[in-house]
There are 2 protein chains.
Amino acid sequence: MNSEFIIAVHSLVLLAHKPDGMASSEEIAANVCTHPARVRKVLGFLRKNGYVTTREGSGGGYRLCIDPSDMTLADIYRTMAAGAITPNWCSGNPEMDCMVGSNMQEVMNSVFCGAEKQLESYFQGITIGQMLSRIKACQKT
Amino acid sequence: MNSEFIIAVHSLVLLAHKPDGMASSEEIAANVCTHPARVRKVLGFLRKNGYVTTREGSGGGYRLCIDPSDMTLADIYRTMAAGAITPNWCSGNPEMDCMVGSNMQEVMNSVFCGAEKQLESYFQGITIGQMLSRIKACQKT
DNA sequence: CCAACTGTAACTGGTAATATTACAGTAACC
DNA sequence: GGTTACTGTAATATTACCAGTTACAGTTGG
């Protein structure tokens with residue numbers, strides 16, 4: 001899976017956890033363990049999709065603008081990592097004489113298309129709010 | 001997805017399609033569009049898992065030794081690409097003070113563990129025999 | 001012995017992913 | 001109005017991974 005998916009999810013959970021729902025790219029980067037520039041890039045995508053608002057300038061940063069229980073991992077997957085499990089490497093070749101070799105790409109494609117749908121429906125069942133609950137549950141033990 | 005998974009599936013479908021169920025690495029490689037050495041490596045794994053038998057020496061090659069309708073993509077996934085969708089990149093750090101940053105790895109891990117299971121159950125419903133049927137269906141149109 | 005294979009390991013080159021740097025633009029605050 | 005603290009974005013290392021390739025030892029049939 002795409003690391004940008006991870007960064008997006010982690011950032012949103014962090015924002016959901018903060019009392020004021022706000023944080024700067026530097027603060028998020030320290031928590032995620034990556035570079036602030038990457039965080040800005042990822043959260044820029046999330047802004048364009050309406051999941052966070054940003055404020056530039058001093059005292060600025062990112063703020064969650066959707067209820068954490070209304071945002072699922074499927075939303076984030078579609079935004080940040082659609083097609084991530086479909087391989088970029090292709091076997092066979094449609095020009096080929098052999099029936100197997102010439103049609104494998106198409107069949108393989110339909111298989112992974114189904115796999116994507118399967119994965120999305122799984123992610124559909126997990127919200128940012130639930131992620132936060134799970135984290136709290138970890139903490140207690 | 002791992003390209004070795006693709007090569008494995010393609011090779012097995014090809015073997016299932018051949019009347020005598022047998023082919024050399026060179027023949028398979030030409031059909032898959034890759035190098036014979038890669039095919040030998042992949043089919044070596046399949047041999048170790050009991051899906052094909054090999055014969056070295058002149059006139060040798062690979063032969064399917066399981067009924068195509070008994071072999072599912074899930075079997076191949078577990079052999080060739082287990083953990084393929086779980087990211088190798090980790091956010092957060094268990095040593096961290098913050099509750100979110102310190103527990104994110106564990107929670108993210110459980111999420112992807114579930115995703116793997118979901119994917120496997122999808123692959124469980126697709127056999128090599130069905131793949132071959134789908135290819136034949138493509139050919140007709 | 002020779003030819004045709006498999007089984008492996010090692011090396012190469014290209015490409016994708018991550019980290020880093022840099023700087024223009026913007027807003028708060030004194 | 002200047003300074004400080006941010007975002008937005010592009011460009012540039014740097015690293016890691018992956019497919020392709022080569023090479024050669026081992027095996028088998030003729």
Side-chain angles (χ1 to χ4, degrees), chain A residues 1-8 10-11 15 18 20-49 51-65 80-93, chain B residues 1-8 10-11 15 18 20 22-49 51-65 80-81 83-93:
Chain A
M1 180 68 53
N2 210 326
S3 66
E4 298 195 342
F5 173 82
I6 313 263
I7 294 174
H10 190 140
S11 302
L15 288 175
K18 299 214 77 172
D20 57 354
M22 188 146 195
S24 71
S25 66
E26 193 169 355
E27 189 178 352
I28 296 172
N31 202 272
V32 170
C33 294
T34 187
H35 209 271
R38 285 202 82 195
V39 172
R40 291 200 288 270
K41 188 183 171 198
V42 170
L43 283 256
F45 274 108
L46 297 181
R47 171 176 53 85
K48 282 168 193 161
N49 283 272
Y51 301 134
V52 299
T53 54
T54 64
R55 208 172 66 219
E56 299 185 8
S58 177
Y62 300 87
R63 163 170 284 141
L64 201 59
C65 66
M80 306 302 304
I85 65 170
T86 299
N88 38 16
W89 194 90
C90 264
S91 77
N93 178 353
Chain B
M1 179 70 51
N2 210 326
S3 67
E4 297 195 343
F5 173 81
I6 313 262
I7 294 174
H10 190 141
S11 303
L15 289 175
K18 299 215 77 172
D20 58 353
M22 188 144 194
S24 70
S25 66
E26 193 169 355
E27 189 178 351
I28 297 172
N31 202 271
V32 170
C33 295
T34 186
H35 209 273
R38 285 202 81 197
V39 172
R40 290 201 289 270
K41 188 184 171 196
V42 169
L43 283 257
F45 275 109
L46 296 181
R47 171 177 53 84
K48 282 168 192 161
N49 284 271
Y51 301 134
V52 299
T53 55
T54 66
R55 206 173 67 221
E56 298 184 9
S58 177
Y62 301 88
R63 163 171 283 142
L64 202 58
C65 66
M80 305 303 304
I85 64 171
T86 300
N88 38 15
W89 194 89
C90 264
S91 76
N93 179 352

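Quantities reported herein were computed from a predicted structural model and do not represent experimental measurements. Worth knowing before you read on, the calculation uses all heavy atoms, side chains too, and leaves out hydrogens, waters and symmetry mates. Lettering follows sequence order; numbering is per chain, from 1.
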- Task: Return yes if some donor-acceptor pair links the side-chain N/O of N49(A) with the main-chain N/O of Y51(A) below 3.5 Å, else return no.
- Result: no

- Item | R55(B) side-chain N/O to G59(B) backbone N/O, donor-acceptor pair under 3.5 Å |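 Yes: the side chain of R55(B) pairs with the backbone of G59(B).
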
Whole angstrom value for the distance that separates [atom2] of [N] from [atom1] of [X]:
X: K48(B); N: dT6(C); atom1: NZ; atom2: C1'; value: 12 Å
X: F45(B); N: dT8(C); atom1: CZ; atom2: C1'; value: 11 Å
X: H35(B); N: dA10(C); atom1: NE2; atom2: C1'; value: 14 Å

- Query: Out of dT8(C), dT7(D), dT20(C), which nucleotide sits closest to the side chain of R47(B)?
  - Reply: dT8(C)

- So with a 6.0 Å cut-off around CG of D20(B), is the heavy-atom count from everything else above 12? yes

For [X] against [Y], the heavy-atom pair lying closest together:
X: M80(A); Y: A8(A); value: CG-CB, 4.0 Å
X: N93(A); Y: C33(B); value: CB-SG, 4.0 Å
X: L15(A); Y: A23(A); value: CD2-N, 3.6 Å

Nearest-0.5 Å distance that lies between atom [atom1] in [X] and atom [atom2] in [Y]:
X: I7(A); Y: H35(A); atom1: CD1; atom2: NE2; answer: 12.0 Å
X: H10(B); Y: N31(B); atom1: NE2; atom2: CG; answer: 4.0 Å
X: M22(B); Y: T53(B); atom1: CE; atom2: OG1; answer: 7.0 Å
X: L43(B); Y: E4(B); atom1: CG; atom2: CD; answer: 11.0 Å

- Query: By a strict heavy-atom criterion of less than 4.0 Å, which residues belonging to residues 23-33 of chain A are in contact with DNA chain D?
  - Reply: S24(A), S25(A)

- Note on the structure: Given protein heavy atoms under 4.0 Å, the one-letter contact record of nucleotides 24-30 of chain D, with B base, S sugar-phosphate only and - none, is simply --BBBS-

- Note on the structure: Each nucleotide of nucleotides 13-18 of chain C classed B (base within 4.0 Å of a protein heavy atom), S (only sugar-phosphate) or -, in 5' to 3' order, makes -----S

